[in-house]
Amino acid sequence: MRLTLCGLPSSGKSTIFSALAGRKLSTGKGRDETNQVLLPVPDERVDKLSALFNPKKTTYAQVTYLDPAQPVVKAEDPLTKLPLELRQADGLVEVVRNFDGGLGEPDMISDHQDFADELLLNDLITVERRLERIALERKRGRKVDEEEKSLLETAKEHLNAEKPLRLLPEVAGHVKLKGFGLLTAKPLIVVANNEEDDDQAPDLGEETPVVIRAGIESELAELSEEERAEFMADLGITESALDRLIQAGYQALDLISFFTVGEDEVRAWTVERDALAPRAAGVIHTDLEKGFIRAEVMRYEDLMEQGSEAAVKKAGQMKLVGKDYQVQDGDILHVRFNV
Ligand SMILES: Nc1nc2c(ncn2[C@@H]2O[C@H](COP(=O)(O)OP(=O)(O)OP(=O)(O)O)[C@@H](O)[C@H]2O)c(=O)[nH]1
Ligand SMILES: [Mg+2]
């Protein structure tokens, strides 16, 4: 899963990216991919499970953050200027400048609006081009996909009314439109990049921004564990705002986490919200999906309340489920399979 940082020029994307990169699991391999980091998603449940099982290894859910090489600029032909990374993202993290930094008094509402317009205009162009193409095909006597055409028309109408497609989930999430990478259809997290002495979230109307003070975060990222604790105490903060950003980004993707536990490893895994048990098992290993028989499932809350797996079983809270079970956020799975 990949979240791409975006926003107007000089809003602080790269500053936030380097602060994030300070906690990376790994950088992308290969050419031109140093602008990409894989990050653990902080999750208190994983911490508590790990304290209970004391495993050799603890693994959090993971998400990739990407800082595109070029910013979004106002352009004659937006489609040629918007970084491709935005189109390929699973979600967008829009960074809005809320510091002066020699760039003048910040105006988040106006910047946020400009950026939203840019995305909207891009989608409108994509949709119109595709509709023109379909009309041409039809004129040539070829068969066209009526469902796709009707979805595109609905999308166009919606965009013309200046509404992002994410407000229209049945269109935004439709498999026939997936390939277009429509930008306003993607989940969006708004970050207010605040001045160092300001921790207030500005009012943006429908979106509540996550407040980050990139200046502080980039300093925190450079400190040792010990120095960091001291610096945070001085500032009167208990957690880095990056934790909240990573969590909010992960939640916006509409995924769920389930867990596997044991002496070797406590681990969080990620799957789509409506996934069935075999699909979830397949995230762990393809063999587990192919050879899936059943899964033992307990709820994270039950395990915490009972204190051990044995106690959960004794309380009758361990369920044996089959192939049609829909995995829930917070499920702990033991998959039974044969190969
Ligand atoms: N005072 C202050 N300055 C900041 C903050 N965040 C970034 N800056 C400065 O603002 C300038 C732009 O920051 P970048 O992180 O490069 O912004 P960007 O969005 O990556 O810029 P482009 O990639 O060129 O669009 C740099 O000089 C930063 O040092 C902040 O929170 N406070
Ligand atoms: Mg940059």
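Each ligand, and each atom within it, is numbered from 1 in the order the structure gives. Every heavy atom of this structure was used, including side-chain atoms; hydrogens, water molecules and symmetry mates were not.
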Can you tell if the side chain of [X] reaches within under 4.5 Å of the side chain of [Y], non-hydrogen atoms only?
{"X": "Phe53", "Y": "Glu263", "result": "no"}
{"X": "Leu204", "Y": "Met108", "result": "yes"}
{"X": "Val37", "Y": "Phe17", "result": "yes"}
{"X": "Phe99", "Y": "Asn194", "result": "no"}

task = Measure up the Phe259 and Tyr300 rings against each other and bin them: parallel (under 30°), tilted (30 to 60°), perpendicular (over 60°).
result =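 Answer is tilted, since the angle falls between 30° and 60°.
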If the cut-off is 4.0 Å to any non-hydrogen atom of [X], which atoms of ligand 1 fall inside it?
{"X": "Ser10", "answer": "12 (C), 17 (O), 18 (P), 19 (O), 21 (O), 22 (P), 24 (O), 25 (O)"}
{"X": "Pro9", "answer": "25 (O)"}
{"X": "Gly215", "answer": "30 (C), 31 (O)"}
{"X": "Glu195", "answer": "1 (N)"}

ask   = Who's closest to atom 29 (O) of ligand 1 heavy-atom-wise, of Ile16, Val96, Thr15?
value =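 Among Ile16, Val96, Thr15, the closest heavy atom to atom 29 (O) of ligand 1 belongs to Thr15.
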inquiry  = If you take the nearest heavy atom of each of Pro106, Ala19, Ser14, Ser11, which one is closest to atom 20 (O) of ligand 1?
reply    =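 Comparing heavy atoms across Pro106, Ala19, Ser14, Ser11, the nearest one to atom 20 (O) of ligand 1 lies in Ser14.
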query = With sequence neighbours left out, which residue pairs that include part of residues 315-325 fulfil the salt bridge (charged side-chain N to carboxylate O under 4.0 Å, His left out) condition?
reply =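 Of all non-adjacent pairs touching residues 315-325, none passes salt bridge (charged side-chain N to carboxylate O under 4.0 Å, His left out).
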ask   = Any Lys/Arg nitrogen of Glu44 or Lys48 sitting under 4.0 Å from an Asp/Glu carboxylate oxygen of the other?
value =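 Salt bridge flag = yes for Lys48 with Glu44.
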ask   = In terms of side-chain geometry, is the basic nitrogen of Lys13 or Asp67 positioned less than 4.0 Å from the acidic oxygen of its partner?
value =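 Looking at Lys13 and Asp67, the cut-off is not met.
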inquiry  = Would Asn194 count as a contact residue for ligand 1, given that I'm defining contact as a non-hydrogen atom of the residue lying under 4.0 Å from a ligand atom?
reply    =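 Yes.
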ask   = Heavy-atom contacts under 4.0 Å between Asn193 and ligand 1: side chain, backbone, both, or neither?
value =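 It is the side chain that gets close, since no backbone atom is under 4.0 Å.
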query = What part of Glu196, side chain from CB on, backbone N/CA/C/O, both or neither, has a heavy atom under 4.0 Å from ligand 1?
reply =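 Under 4.0 Å from ligand 1, Glu196 contributes no heavy atoms.
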key: Candidate list Val261, Asp264, Leu49, Val266, test side-chain contact (heavy atoms from CB on, under 4.5 Å), partner Pro55, passing option   =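 Of all the options given, the one that passes is Val266.
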inquiry  = Below 3.5 Å, N or O to N or O, backbone or side chain included: is there any such pair between Arg213 and ligand 1?
reply    =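 No, no N or O pair falls under 3.5 Å.
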inquiry  = Geometry only, no angles: is Gly12 polar-contacting ligand 1 at N/O separations under 3.5 Å?
reply    =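 Looking only at distances, the answer is yes, because the N/O contact criterion of under 3.5 Å is met.
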request  = Can you establish whether the number of heavy atoms outside Met1 located under 6.0 Å from its atom CE is more than 12?
outcome  =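 No, because the 6.0 Å sphere around CE of Met1 holds 12 heavy atoms or fewer from other groups.
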key: Near the Mg ion (ligand 2) (under 2.8 Å) - protein N, O or S atoms   =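 Within the sphere that stays under 2.8 Å of the Mg ion (ligand 2), the protein atoms of type N, O or S are Ser14 OG.
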Exercise: do Ser110 and Gln113 side chains pair donor with acceptor under 3.5 Å =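 Judged by distance alone, the side chains do not pair up.
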